[in-house]
Amino acid sequence: MPELPEVEAVRRELAPVLEGAHVSRVVLRRGNLRRPFPIEFERRIGGATVRRLTRRAKYLLAELSSNDTLIMHLGMSGSFRVEPADHTPEPHDHVIFELSSGRTVVFNDPRRFGVMDLVPSAGAAEWPALADLGPEPLSAEFDAATLARVCARSKRALKVALLDQHVVAGLGNIYASEALHLARLSPRLRAAAIATRNGAPKPAARRLAAAIKTVLERAIARQADYNDASRFRVYDRAGQRCRRRGCAGKIKRIVQAGRSTFYCPVCQRT
DNA sequence: ATTGAGACCTGTCGGC
DNA sequence: TGCCGACAGGTCTCAA
């Protein structure tokens with residue numbers, strides 16, 4: 001379940017287990033995920049201590065005492081479990097990090113769209129996918145002005161633009177729809193429609209930038225005391241009633257750039 | 001330069 | 001029950 005809030009939840013769960021922990025052994029149960037594992041992956045991590053576990057967009061970054069950084073992405077179906085040392089592997093358990101604490105961190109990924117790579121920490125920010133990322137949506141760096149600027153000359157639909165990690169880093173298919181609903185903006189609007197000609201933000205851009213932050217913050221907070229999976233505003237609710245107060249619309253599903261978009265045609269008219 | 005389509009994988013679910 | 005297509009939270013590459 002990996003968009004920014006889910007990755008952040010994973011980080012918060014793993015940080016206490018990994019930070020300061022000594023990795024006694026790494027076991028690969030296959031040679032690749034979306035791409036092959038880097039050369040000497042197990043040997044280069046084995047023996048190191050994890051200094052910090054951080055997140056950038058949907059990536060997890062484990063800084064190691066060896067001055068390498070382990071870059072991880074969960075793809076569509078990746079997940080981590082913390083297990084006792086003697087656990088029996090389950091199907092699709094691909095990477096096992098054995099810690100000298102006696103615990104084991106297991107990476108499981110049925111579809112194998114995940115990624116792991118190991119790079120010198122000094123150059124981690126230049127790792128191709130990381131270097132191209134747009135602003136972190138919960139940082140002060142991301143606001144209506146930055147959003148308006150990157151949308152300025154784009155002819156694609158607003159929803160499609162929100163999925164572009166160069167526009168804003170960490171939104172995925174669920175929270176793009178959710179943010180647009182909160183901001184009362186149609187997913188089919190051209191992206192450029194929220195910016196004025198000189199690139200200054202319109203009220204729509206302000207609403208959208210604020211909605212993105214709100215939606216992500218709420219999702220992160222919900223994960224913290226994780227219980228019932230989701231009460232989405234629109235995602236996966238085709239045919240059901242719009243949850244906005246006073247709106248009698250029915251949620252609609254459309255396909256944009258090959259991906260499902262959910263929205264309310266009544267309150268997300270522009 | 002942008003943009004959309006297809007590819008990469010496996011699992012699940014609904015319809016016939 | 002079984003088979004088959006559609007679809008799933010994400011990138012990446014290729015060709016208009």
Side-chain angles (χ1 to χ4, degrees), chain A residues 1-11 13 29-37 55-61 71-80 89-95 107-117 127-134 137 149-181 187-193 195 212 215-216 218-220 222-223 226 228-239 251-263:
Chain A
M1 0 165 179
E3 291 183 38
L4 186 154
E6 289 78 17
V7 178
E8 178 59 23
V10 170
R11 191 195 69 76
E13 184 197 339
R29 304 191 65 242
R30 57 173 301 128
N32 67 301
L33 296 171
R34 193 166 82 212
R35 306 196 307 246
F37 286 95
R55 179 189 60 73
R56 171 74 170 108
K58 301 171 195 170
Y59 291 86
L60 288 169
L61 308 174
I71 301 174
M72 299 174 278
H73 193 290
L74 302 177
M76 288 278 248
S77 58
S79 64
F80 286 95
E90 293 178 14
H92 311 298
D93 282 353
H94 304 312
V95 189
F107 178 71
N108 182 289
D109 186 4
R111 292 177 74 178
R112 302 204 306 277
F113 289 168
V115 167
M116 287 202 190
D117 202 358
W127 193 75
L130 289 180
D132 290 342
L133 289 175
R149 195 176 337 111
V150 286
C151 286
R153 284 179 349 276
S154 174
K155 299 174 133 159
R156 334 116 104 169
L158 194 47
K159 154 67 161 41
V160 177
L162 291 183
L163 290 183
D164 182 341
Q165 301 296 296
H166 177 72
V167 169
V168 50
L171 271 193
N173 205 39
I174 292 177
Y175 297 106
S177 281
E178 296 293 287
L180 286 166
H181 184 260
R188 325 163 72 131
L189 259 192
R190 300 302 95 184
I212 288 168
V215 156
L216 295 177
R218 283 183 190 163
I220 289 172
R222 203 171 343 108
Q223 237 101 30
Y226 176 92
D228 63 329
S230 53
R231 275 187 66 79
F232 295 128
R233 307 171 65 86
V234 288
Y235 186 81
D236 206 19
R237 296 191 60 240
I251 304 307
K252 196 171 160 193
R253 172 184 183 271
I254 59 173
V255 174
Q256 295 181 292
R259 320 225 27 213
S260 292
T261 297
F262 298 88
Y263 75 110

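Because the structure is predicted, anything quoted here is derived from the model rather than measured. Quick note on labels: first sequence line is chain A, next is B, and so on, each numbered from 1. Computed over heavy atoms, backbone and side chain alike; hydrogens, waters and symmetry mates excluded.
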**OP:** Could I get the full list of ring pair (Phe, Tyr, Trp, His ring centres under 6.0 Å) partners for F107(A), not counting sequence neighbours?
**Re:** F80(A)
Subject >> Test side chain to side chain donor-acceptor pair (under 3.5 Å) applied to S79(A) - qualifying residues, sequence neighbours left out >> reply: none
Any N/O pairs under 3.5 Å between the protein and nucleotides 3-5 of chain C? List them or say none.
none

Original post:
Dot-bracket, DNA chain C: Watson-Crick or G-U, under 3.5 angstrom, [ ] crossing, | other strand?
Top reply: .|||||||.|||||||
Pairs under 3.5 angstrom only: tabulate donor-acceptor contacts from the side chains of residues 160-172 of chain A to other protein residues two or more places apart or in another chain.
from    : atom 1 : to      : atom 2 : distance (Å)
D164(A) : OD1    : H166(A) : N      : 2.8
D164(A) : OD2    : R156(A) : NH1    : 3.4
D164(A) : OD2    : R156(A) : NH2    : 2.7
Q165(A) : OE1    : G170(A) : N      : 2.8
Q165(A) : NE2    : L163(A) : O      : 3.2
Q165(A) : NE2    : L171(A) : O      : 2.9
H166(A) : ND1    : D132(A) : O      : 3.3

**OP:** Name all residues meeting the salt bridge (Lys or Arg N to Asp or Glu O under 4.0 Å) criterion together with R55(A); count only those two or more places apart in sequence or in a different chain, and write none if there are none.
**Re:** E8(A), E136(A)
Subject >> Counterpart residues, side chain to side chain contact (heavy atoms under 4.5 Å, CB included), relative to H92(A) (two or more places apart) >> reply: H94(A), N108(A), P110(A)
Report each atom pair, protein N/O against N/O of nucleotides 13-15 of chain B, whose distance is under 3.5 angstrom.
none

**OP:** Can you run down the salt bridge (charged side-chain N to carboxylate O under 4.0 Å, His left out) pairs that involve residues 166-177 of chain A, sequence neighbours left out, and say none if there aren't any?
**Re:** none
**OP:** List in chain and number order the residues that pass side chain to side chain contact (heavy atoms under 4.5 Å, CB included) with R35(A), two or more places apart in sequence or in another chain; answer none if no residue qualifies.
**Re:** V115(A), D117(A), W127(A)
Polar atom pairs between nucleotides 4-7 of chain B and protein, under 3.5 Å, N or O only, would you list them?
none

**OP:** Using a 4.0 Å cut-off on protein heavy atoms (strictly under), produce a 5'-to-3' string for nucleotides 10-16 of chain C with B for base contact, S for backbone-only sugar-phosphate contact, and - for none.
**Re:** BSS----
